[in-house]
Amino acid sequence: MSLLSLNNVHIGYGGIKAVKGISVQVNAGELVTLIGANGAGKTTVLKAISGLLKPSAGEIQYDETSIVGTAPHHISQRGLALVPEGRGVFPGLTIEENLAMGAYCRNDKAVIASDMEIAYQRFPRLKERAKQTAGTLSGGEQQMLAISRALMSRPRLLLLDEPSMGLAPIMVQKIFAVVREVAASGVTILLIEQNAKLALQVSHRAYVMDGGVITLEGASPDLLTDPRVREAYLGEAA
Amino acid sequence: MDVFLQQLINGLTLGCVYAVVALGYTMVYGIIQLINFAHGEVVMIGAMVAMSVILGLAGSGVPPLAIVLIAVLAAIPACMAVGYLVERVAYRPLRSAPRLAPLITAIGVSMILQHLALLIWGRNYIPFPQIIKTQSFALSNSETAATITNVQIAIMVLSVLMMAGLIALVYKTRIGIAMRAVSQRPDVAGLMGVSPNHVISFTFVVGAGLGAIAGVMIGSYYGIAHYQMGFLLGLKAFCAAVLGGIGNLGGAVLGGILIGLIEAFGAGYMGDLTNVCTLNKFLPGFSALCEANSNMAVFGSSYKDVFAFIVLILVLVFRPQGLLGERVSDRA
């Protein structure tokens, strides 16, 4: 069954249509990726799912109920977490406080503390800097924090917006290893990436977006060898 | 020395009140970048409600201390309700409007609240009932010793407790972290499951609660209540918040106390410093005035209200981000 489904969704900013009728399904337990060039409308799709933007037409269902027009905090309370583009850490809050914000909707202090410990084990860098404000972190560290913060809510569906953007290759490897690990632990993930090769390598299924529409979809291993994808997104001659 | 000590005590007392009021300005500014000019009126309503309760209960046999406590406990929820309603009715619909719109609205709300108070409590100065007798304690044995009153001690102790409580709230509690998160990135805070509207309402309510207590304090300090009392007090506290760095809690406390001290020392020494005979020593042309009346001063202590605004102008010119504020690009 699908945990998230977008059906013919249109989204515009003022008069400009950024997304022109896309349909996407994400089934429970899947790692699905949405790839495409800069400006294809990928981030807009994630913003609409998390409630930051309202689609002008179409239907978005999460866990079998429509979430169109629902406020972001209500959507989040239902187990959907977004790691926003540009990481969106709270720069004036400490690492620890950022993580605590991730667990804002949960009440069990003991479990929150143990989840925080898991985050620190996953990224020891964060533990070293637990009392430092997030604004002092490097880009890679902020990405670690943003992902850890999203996981603090124990989401059922995790939306990742360009986690590799602006990071050194070694950091990208580290982040993607964590994405894999989180997916393996049973969290459903919708990943948006410009780095198509990496995204297709970690995901089960993929959608290719261009100019506000889905141009291709299929199993990730198939798309990885698809000549159209290879030419347009992997920088290889077909 | 006695005069100096006396002005220090007076300045600290006033400064504590300004600091508590300034916290209300700075909290709201920190979270929605709005100067809530109606905050001074919330303080006035706190004083008025407390005064009404005290007048109503005086002579009823309830012990004076209990009456004051009941008055404070009545003023707090009254002000909180006003603070909540003002945000809900006047500011929230303008949340995404250009910043000038809510600012002008704030001035409008300030006038509306003043005139509502005028309708309820009338246009006259009302003596704030002194049901707890003011006692002065001399700080030395000399004839001219500086004194501190029980009201001043109560104001300072209460203010310090409230400031400490607020800082603990903002830095140690879940809702406090959420307040700071909303002030930094409201959208992202929403993604964490925080309702920005709830947090903003909460901020107004807490600020108004502090304002209520400040109103009772200033009413009992000056012994008078008036429907316009919040206006000047609010503006001075606003100056204090700007001096400290608006949006910064520590800055509001520092700015409040500094403004209180500057005002007290200014009022205390202005007459001496601008005495015509003193000026005559440095400047030509005052000798005739000095001979005519050696006690005459160019400016008297009634000019005390001007200091906060001189400070405001100096801060805006030389250090617009305030003493503890960080320089931020203008988002207007």
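Sequence lines set the chain letters: A, B, ... in the order given, protein chains first and strands last, and positions in each chain run from 1. All values reported here derive from a predicted model rather than from experimental measurement.
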*Could you give me the CA-CA distance, side-chain angles and deciding distance for B:Leu191 and A:Val83, then say whether side-chain contact (heavy atoms from CB on, under 4.5 Å) is met?*
CA-CA 9 Å; B:Leu191 294 173; A:Val83 178; over 6 Å; no
*A:Leu93 backbone acceptor or donor facing B:Arg180 side chain under 3.5 Å*: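 No: the side chain of B:Arg180 does not pair with the backbone of A:Leu93.
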*Heavy-atom side-chain contact between A:His73 and B:Pro196 under 4.5 Å*: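 The answer is yes, as the side chains (C-beta and beyond) meet within the 4.5 Å cut-off.
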*asked:* Once rounded to the nearest 0.5 Å, what's the spacing between atom CG of A:Leu99 and atom CD1 of B:Ile177?
replied: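 Result: 10.5 Å between the selected atoms.
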_Once rounded to the nearest 0.5 Å, what's the spacing between atom CG of A:Asn98 and atom CD of B:Gln184?_
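Those atoms lie 8.0 Å apart.
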Check the surroundings of atom [atom1] in [X]: do more than 12 heavy atoms from other residues, nucleotides or ligands lie under 6.0 Å from it?
{"X": "B:Phe231", "atom1": "CZ", "value": "no"}
{"X": "A:Asn38", "atom1": "CG", "value": "no"}
{"X": "A:Lys127", "atom1": "NZ", "value": "no"}

*asked:* Heavy-atom cut-off 4.5 Å, strictly under: side chain, backbone, both or neither for A:Arg149 against chain B?
replied: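 Looking at A:Arg149, just its side chain touches chain B.
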_Between A:Ser153 and chain B, with a heavy-atom cut-off of 4.5 Å, which part of the residue counts as in contact: side chain, backbone, both or neither?_
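Neither; nothing under 4.5 Å.
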*If you draw the axis of the six-membered ring of A:Tyr104, does the NZ or CZ of B:Arg174 fall within 45° of it and under 6.0 Å from the ring centre?*
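Relative to the ring axis of A:Tyr104, which defines the angle, B:Arg174 lies inside both limits.
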*With respect to chain B, which residue among A:Pro84, A:Ser50, A:Pro91, A:Ala81 yields the maximal number of heavy-atom pairs within a distance under 4.5 Å?*
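Top option by heavy-atom pairs under 4.5 Å: A:Pro91.
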*Winner by heavy-atom pair count (cut-off under 4.5 Å) against chain B, out of A:Gln77, A:Arg78, A:Met101, A:His74*: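 Option with the top pair count is A:Met101.
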*Closest approach of B:Gly190 and A:Ser76, non-hydrogen atoms and distance?*
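Result for this residue pair: O-CB, 4.1 Å.
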*Locate the shortest heavy-atom distance separating A:Val89 from B:Arg185; write the atom from each residue and the value.*
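Closest heavy-atom pair between A:Val89 and B:Arg185: O-NH1, 3.0 Å.
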